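By convention here, the first residue in the shown sequence is residue 1. FYI, side chains are in, hydrogens and waters are out, and symmetry mates aren't considered; it's all heavy atoms of this structure. Fair warning: this is a prediction, and the values are worked out from it, not measured in the lab.
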Amino acid sequence: MLITHDTRCALDAVVDLVNTAPEDESGTADGLADVASLADFVRKHNISDVGVLSERDLAAVQDVRGLFAGIFAADDPRTAASLINELVAAAGTTPRLTDHDGYDWHVHYFAPGASVADHLAADCGMALAFFVVAGEQDRLRRCEAPDCRRAFVDLSRNRSRRYCDSRTCGNRLHVAAYRARRKEAAG
């Protein structure tokens, strides 16, 4: 599956957006609790054509975040497609070619002057749509570590990635399994 630069940026943004949601089990705080954190998110992801952010933008992005989380939780392509269609339609997409900020030609799916929520819904929704269309929806995953439910996109060649980060969640579980085997062998 060919993933262009702008699609990869949209995938990174949607994963980070979904992962800002507070998790009930872990008690983590909302990563988008205020307009300042939304502004930081916009800067981090170089989201273009965003004006002055407001509480209304924050609420709209939090709503969009919930729909994206539903896509990562979807058990089948039909459910994921329905949520993606809802997001993209509500955003009023207007695909257009652009070559801004030193990047070669790419497609923006949001309408000029769109809100940050519509921008994310359109561009990130289309990035996820490519996975459903390609029959790769199962690559939209949640971490399998028992104490982590972070979203990620498995871009591994053989679809084998199980953890949001192999250096943290994956390594922690492998070390725990190793210690349990050693303890069992010794005892």
Side-chain angles (χ1 to χ4, degrees), residues 1 3 7-47 57-84 86-87 116-117 120-121 123-125 127-132 134-187:
M1 179 174 184
I3 298 177
T7 299
R8 180 58 193 251
C9 290
L11 291 172
D12 291 344
V14 73
V15 164
D16 284 353
L17 179 62
V18 169
N19 288 334
T20 64
E23 294 288 333
D24 294 333
E25 305 87 43
S26 67
T28 58
D30 189 333
L32 285 180
D34 53 34
V35 175
S37 59
L38 177 59
D40 289 342
F41 180 87
V42 165
R43 267 190 303 281
K44 176 183 176 188
H45 292 283
N46 297 315
I47 299 173
D57 291 311
L58 176 63
V61 169
Q62 289 170 336
D63 289 343
V64 165
R65 175 181 66 185
L67 290 171
F68 280 129
I71 294 166
F72 277 85
D75 290 331
D76 59 90
R78 186 165 307 283
T79 302
S82 177
L83 291 169
I84 291 168
E86 182 181 339
L87 278 162
V116 67
L120 290 167
D123 274 2
C124 297
L128 296 178
F130 296 141
F131 281 81
V132 174
E136 301 282 351
Q137 184 231 338
D138 61 334
R139 289 182 180 267
L140 309 177
R141 298 187 176 165
R142 292 288 189 157
C143 184
E144 290 182 19
D147 58 342
C148 181
R149 296 299 303 149
R150 293 179 59 82
F152 68 94
V153 178
D154 180 3
L155 297 176
S156 67
R157 191 174 245 176
N158 62 356
R159 296 180 185 94
S160 62
R161 188 170 162 198
R162 297 175 45 210
Y163 307 110
C164 64
D165 186 343
S166 61
R167 290 173 292 168
T168 54
C169 290
N171 191 45
R172 187 179 64 241
L173 288 176
H174 289 112
V175 167
Y178 170 77
R179 288 182 179 156
R181 285 191 306 273
R182 296 269 309 199
K183 184 177 180 180
E184 185 177 307

State, with a plain yes or no, whether a side-chain heavy atom of [X] is found less than 4.5 Å away from one of [Y].
{"X": "F130", "Y": "I84", "answer": "no"}
{"X": "L17", "Y": "L32", "answer": "yes"}
{"X": "V18", "Y": "R142", "answer": "yes"}

[X] side chain to [Y] backbone, donor-acceptor under 3.5 Å:
{"X": "R141", "Y": "F152", "answer": "no"}
{"X": "S37", "Y": "A33", "answer": "yes"}
{"X": "R161", "Y": "C164", "answer": "yes"}
{"X": "R139", "Y": "S156", "answer": "yes"}

For [X] and [Y], work out which heavy atoms get closest and say how close.
{"X": "C124", "Y": "A10", "result": "SG-O, 3.4 Å"}
{"X": "F68", "Y": "L120", "result": "CZ-O, 3.5 Å"}
{"X": "L11", "Y": "A127", "result": "CD2-CB, 4.0 Å"}
{"X": "I71", "Y": "Q137", "result": "O-NE2, 4.2 Å"}
{"X": "R159", "Y": "D138", "result": "CD-OD2, 4.0 Å"}
{"X": "L58", "Y": "V35", "result": "CD2-N, 3.8 Å"}

Could you tell me the separation between the [atom1] atom of [X] and the [atom2] atom of [Y], rounded to the nearest 0.5 Å?
{"X": "C148", "Y": "N19", "atom1": "SG", "atom2": "CG", "result": "7.5 Å"}
{"X": "Q62", "Y": "L38", "atom1": "CD", "atom2": "CG", "result": "8.5 Å"}
{"X": "L128", "Y": "E136", "atom1": "CG", "atom2": "CD", "result": "13.0 Å"}
{"X": "R149", "Y": "E144", "atom1": "CZ", "atom2": "CD", "result": "8.0 Å"}

Original post:
Taking everything shown except R8 itself, do over 12 heavy atoms lie less than 6.0 Å from its CZ?
Top reply: no
Original post:
Going through the checks in order, is the side-chain contact (heavy atoms from CB on, under 4.5 Å) test met by F41 and V61?
Top reply: CA-CA 11 Å; F41 180 87; V61 169; 5.9 Å; no
Original post:
Hey, mind stepping through D123 and T7 against side-chain contact (heavy atoms from CB on, under 4.5 Å) and telling me if it holds?
Top reply: CA-CA 8 Å; D123 274 2; T7 299; over 6 Å; no
Subject >> Within residues 30-42 or reaching into it, pairs that qualify as salt bridge (Lys or Arg N to Asp or Glu O under 4.0 Å) - sequence neighbours excluded >> reply: D30-R65, D40-R43
**OP:** Decide side-chain contact (heavy atoms from CB on, under 4.5 Å) for F72 and L83; before the verdict, give the C-alpha distance in whole Å, the side-chain angles of both, and the deciding distance to 0.1 Å.
**Re:** CA-CA 10 Å; F72 277 85; L83 291 169; over 6 Å; no
